[in-house]
Amino acid sequence: MDSTPDRPLRRISLDPGHWRQVRRLLFAEAVVLALVGIGGLAAYTFAGPLRIGAGALELTPALSVAMLLVALAAAVAATRRTLAGWFSAAVAVGGLVLVIVSAVAATHSAPGPFGFTDATVLIYAAAFVFHFALGVWLIPDHIEGPEWVPAGLAAVSERRGRA
(Lines give C-alpha, C1' and ligand atoms only; values in the text may rest on other atoms or scores of the structure.)
Protein backbone atom coordinates (compact mmCIF):
# COMPACT_ATOMS: atom_id res chain seq x y z
CA MET A 1 0.00 0.00 0.00
CA ASP A 2 1.35 3.41 -0.97
CA SER A 3 1.67 5.68 2.02
CA THR A 4 3.28 8.71 0.41
CA PRO A 5 2.38 12.04 2.05
CA ASP A 6 1.07 13.55 -1.22
CA ARG A 7 -1.84 11.13 -1.30
CA PRO A 8 -4.87 12.58 0.53
CA LEU A 9 -6.46 10.62 3.38
CA ARG A 10 -10.13 10.31 4.08
CA ARG A 11 -11.83 9.66 7.42
CA ILE A 12 -13.92 6.47 7.61
CA SER A 13 -16.12 6.05 10.67
CA LEU A 14 -16.43 2.60 12.24
CA ASP A 15 -19.73 3.55 13.89
CA PRO A 16 -22.24 2.41 11.21
CA GLY A 17 -20.89 -1.13 10.96
CA HIS A 18 -20.72 -1.49 14.71
CA TRP A 19 -24.30 -0.17 15.08
CA ARG A 20 -25.60 -2.80 12.65
CA GLN A 21 -23.92 -5.54 14.69
CA VAL A 22 -25.25 -4.20 17.99
CA ARG A 23 -28.74 -3.92 16.52
CA ARG A 24 -28.67 -7.61 15.51
CA LEU A 25 -27.39 -8.63 18.94
CA LEU A 26 -30.10 -6.63 20.72
CA PHE A 27 -32.83 -8.18 18.58
CA ALA A 28 -31.40 -11.65 19.25
CA GLU A 29 -31.29 -10.88 22.97
CA ALA A 30 -34.90 -9.72 22.87
CA VAL A 31 -36.01 -12.95 21.20
CA VAL A 32 -34.08 -15.21 23.59
CA LEU A 33 -35.23 -13.37 26.73
CA ALA A 34 -38.83 -13.31 25.52
CA LEU A 35 -38.79 -17.05 24.86
CA VAL A 36 -37.25 -17.82 28.25
CA GLY A 37 -39.65 -15.44 30.02
CA ILE A 38 -42.70 -16.89 28.32
CA GLY A 39 -41.43 -20.41 28.96
CA GLY A 40 -40.87 -19.62 32.64
CA LEU A 41 -44.38 -18.17 33.03
CA ALA A 42 -45.94 -21.10 31.18
CA ALA A 43 -44.01 -23.63 33.27
CA TYR A 44 -45.02 -21.86 36.48
CA THR A 45 -48.66 -21.81 35.41
CA PHE A 46 -48.73 -25.55 34.80
CA ALA A 47 -46.11 -27.02 37.16
CA GLY A 48 -44.75 -24.39 39.58
CA PRO A 49 -41.31 -22.74 39.46
CA LEU A 50 -39.05 -24.21 36.80
CA ARG A 51 -35.63 -25.45 37.99
CA ILE A 52 -32.96 -25.73 35.32
CA GLY A 53 -29.88 -27.90 35.78
CA ALA A 54 -27.92 -28.98 38.82
CA GLY A 55 -27.04 -25.36 39.62
CA ALA A 56 -30.70 -24.87 40.48
CA LEU A 57 -31.42 -21.90 38.27
CA GLU A 58 -35.02 -21.23 39.19
CA LEU A 59 -37.31 -19.34 36.81
CA THR A 60 -39.75 -17.68 39.18
CA PRO A 61 -42.69 -15.60 37.94
CA ALA A 62 -40.94 -12.37 39.01
CA LEU A 63 -37.77 -13.32 37.12
CA SER A 64 -39.81 -14.37 34.05
CA VAL A 65 -41.70 -11.06 34.00
CA ALA A 66 -38.41 -9.17 34.44
CA MET A 67 -36.98 -11.09 31.46
CA LEU A 68 -40.01 -10.15 29.37
CA LEU A 69 -39.59 -6.48 30.32
CA VAL A 70 -35.89 -6.52 29.47
CA ALA A 71 -36.74 -8.27 26.17
CA LEU A 72 -39.22 -5.51 25.35
CA ALA A 73 -36.67 -2.83 26.28
CA ALA A 74 -33.99 -4.55 24.16
CA ALA A 75 -36.32 -4.62 21.15
CA VAL A 76 -37.10 -0.92 21.58
CA ALA A 77 -33.41 -0.09 22.13
CA ALA A 78 -32.52 -1.81 18.87
CA THR A 79 -34.45 0.87 16.99
CA ARG A 80 -32.27 3.85 17.96
CA ARG A 81 -28.55 4.10 18.55
CA THR A 82 -28.88 6.47 21.52
CA LEU A 83 -31.42 4.19 23.18
CA ALA A 84 -29.12 1.23 22.62
CA GLY A 85 -26.30 3.04 24.40
CA TRP A 86 -28.46 4.00 27.37
CA PHE A 87 -30.02 0.54 27.51
CA SER A 88 -26.63 -1.17 27.45
CA ALA A 89 -25.34 1.12 30.19
CA ALA A 90 -28.42 0.58 32.36
CA VAL A 91 -28.37 -3.20 32.00
CA ALA A 92 -24.61 -3.32 32.63
CA VAL A 93 -24.99 -1.34 35.85
CA GLY A 94 -28.07 -3.35 36.85
CA GLY A 95 -26.27 -6.59 36.09
CA LEU A 96 -23.33 -5.60 38.28
CA VAL A 97 -25.66 -4.68 41.14
CA LEU A 98 -27.53 -7.98 40.75
CA VAL A 99 -24.24 -9.91 40.80
CA ILE A 100 -23.56 -8.51 44.27
CA VAL A 101 -27.14 -8.91 45.51
CA SER A 102 -27.49 -12.46 44.20
CA ALA A 103 -24.10 -13.46 45.61
CA VAL A 104 -25.11 -12.25 49.07
CA ALA A 105 -28.57 -13.87 48.82
CA ALA A 106 -27.08 -17.17 47.60
CA THR A 107 -24.56 -17.15 50.44
CA HIS A 108 -27.37 -16.76 52.96
CA SER A 109 -29.58 -19.34 51.16
CA ALA A 110 -32.36 -16.78 50.69
CA PRO A 111 -33.34 -16.94 47.00
CA GLY A 112 -36.19 -14.41 47.18
CA PRO A 113 -38.64 -13.64 44.35
CA PHE A 114 -35.92 -13.55 41.69
CA GLY A 115 -34.53 -16.95 42.66
CA PHE A 116 -31.08 -15.73 43.65
CA THR A 117 -28.86 -18.82 43.61
CA ASP A 118 -25.26 -19.53 42.70
CA ALA A 119 -26.31 -20.04 39.08
CA THR A 120 -27.95 -16.63 38.84
CA VAL A 121 -24.71 -14.96 39.91
CA LEU A 122 -23.21 -16.24 36.65
CA ILE A 123 -26.26 -15.15 34.62
CA TYR A 124 -26.06 -11.59 35.96
CA ALA A 125 -22.28 -11.51 35.51
CA ALA A 126 -22.76 -12.54 31.87
CA ALA A 127 -25.41 -9.80 31.44
CA PHE A 128 -22.98 -7.24 32.84
CA VAL A 129 -20.10 -8.30 30.60
CA PHE A 130 -22.29 -8.58 27.47
CA HIS A 131 -23.87 -5.15 27.87
CA PHE A 132 -20.62 -3.48 28.89
CA ALA A 133 -19.08 -4.87 25.69
CA LEU A 134 -22.07 -3.67 23.62
CA GLY A 135 -21.72 -0.18 25.09
CA VAL A 136 -18.02 -0.05 24.25
CA TRP A 137 -18.68 -1.46 20.76
CA LEU A 138 -21.21 1.32 20.11
CA ILE A 139 -18.64 4.11 20.50
CA PRO A 140 -15.56 3.07 18.50
CA ASP A 141 -14.77 6.54 17.19
CA HIS A 142 -14.71 7.93 20.74
CA ILE A 143 -12.41 5.17 22.00
CA GLU A 144 -9.94 4.48 19.21
CA GLY A 145 -10.69 7.18 16.67
CA PRO A 146 -11.78 6.80 13.05
CA GLU A 147 -9.88 4.94 10.37
CA TRP A 148 -7.90 7.02 7.91
CA VAL A 149 -7.53 5.47 4.48
CA PRO A 150 -6.24 6.78 1.15
CA ALA A 151 -8.93 8.64 -0.77
CA GLY A 152 -9.17 6.01 -3.51
CA LEU A 153 -9.79 3.24 -0.98
CA ALA A 154 -12.37 5.32 0.89
CA ALA A 155 -14.83 5.01 -1.99
CA VAL A 156 -14.42 1.23 -1.99
CA SER A 157 -15.02 1.12 1.80
CA GLU A 158 -18.13 3.29 1.44
CA ARG A 159 -19.59 0.98 -1.22
CA ARG A 160 -19.12 -1.93 1.18
CA GLY A 161 -21.15 -0.10 3.83
CA ARG A 162 -18.37 0.91 6.20
CA ALA A 163 -18.96 4.65 6.04
Side-chain angles (χ1 to χ4, degrees), residues 1-41 52-53 55 57 59 62-104 106 114-163:
M1 185 156 106
D2 186 19
S3 61
T4 58
D6 60 341
R7 200 163 174 193
L9 296 177
R10 183 158 179 203
R11 179 182 185 264
I12 301 293
S13 174
L14 298 174
D15 284 346
H18 286 208
W19 166 233
R20 282 190 294 274
Q21 292 172 344
V22 168
R23 175 180 273 178
R24 287 185 205 117
L25 289 171
L26 286 174
F27 275 129
E29 177 187 12
V31 169
V32 168
L33 287 178
L35 290 174
V36 171
I38 290 169
L41 286 175
I52 301 173
L57 176 61
L59 283 177
L63 182 59
S64 297
V65 168
M67 285 185 167
L68 286 172
L69 292 175
V70 172
L72 177 65
V76 170
T79 62
R80 299 269 187 260
R81 184 185 183 97
T82 306
L83 285 175
W86 283 105
F87 172 76
S88 293
V91 174
V93 169
L96 186 58
V97 168
L98 286 172
V99 164
I100 296 166
V101 169
S102 61
V104 171
F114 282 101
F116 294 130
T117 61
D118 294 334
T120 57
V121 174
L122 297 175
I123 299 292
Y124 295 131
F128 163 70
V129 170
F130 178 73
H131 285 282
F132 182 79
L134 282 184
V136 170
W137 194 246
L138 275 171
I139 55 170
D141 287 347
H142 297 289
I143 294 174
E144 64 186 35
E147 273 188 45
W148 291 91
V149 297
L153 295 177
V156 173
S157 294
E158 286 177 0
R159 282 195 297 270
R160 291 184 185 157
R162 293 201 57 200

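Worth saying up front: this structure is predicted, and the values here are computed from it rather than measured.
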Donor-acceptor pairs are to be reported for all side-chain atoms of residues 87-104 against protein atoms at under 3.5 Å, with residues two or more places apart or in another chain.
| residue | atom | partner | partner atom | Å |
| --- | --- | --- | --- | --- |
| Ser88 | OG | Ala84 | O | 3.0 |
| Ser102 | OG | Leu98 | O | 2.6 |
| Ser102 | OG | Val99 | O | 3.2 |

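- Here the side chains of Leu33 and Val36 are not in contact, with every heavy-atom distance at 4.5 Å or above.
- Contact record, Leu68 with Ala34: CD2-O, 3.6 Å, taken as the closest heavy-atom pair.
- Heavy-atom neighbours of Phe132 CZ from other residues, nucleotides or ligands within 6.0 Å: at or below the threshold of 12.
- Here the CZ-CD1 distance, from Phe116 to Ile123, works out to 12.5 Å after rounding to the nearest 0.5 Å.
- Closest of all the heavy-atom pairs between Ala66 and Phe114 is CB-CE2, 3.6 Å.
- Scanning both residues, Trp137 and His18, for their nearest heavy atoms gives O-ND1, 2.9 Å.
- A distance of 7.0 Å separates NE2 in His131 from CG in Leu26, rounded to the nearest 0.5 Å.
- Residue Leu59 comes nearest to Leu63 through the heavy atom pair CD2-CD2, 3.9 Å, listed as atom of the first residue, atom of the second, then distance.
- The line from CZ of Arg23 to CG of Leu138 is 11.0 Å long, rounded to the nearest 0.5 Å.
- Between Ala30 and Ala75 the shortest heavy-atom distance is CB-N, 3.8 Å.
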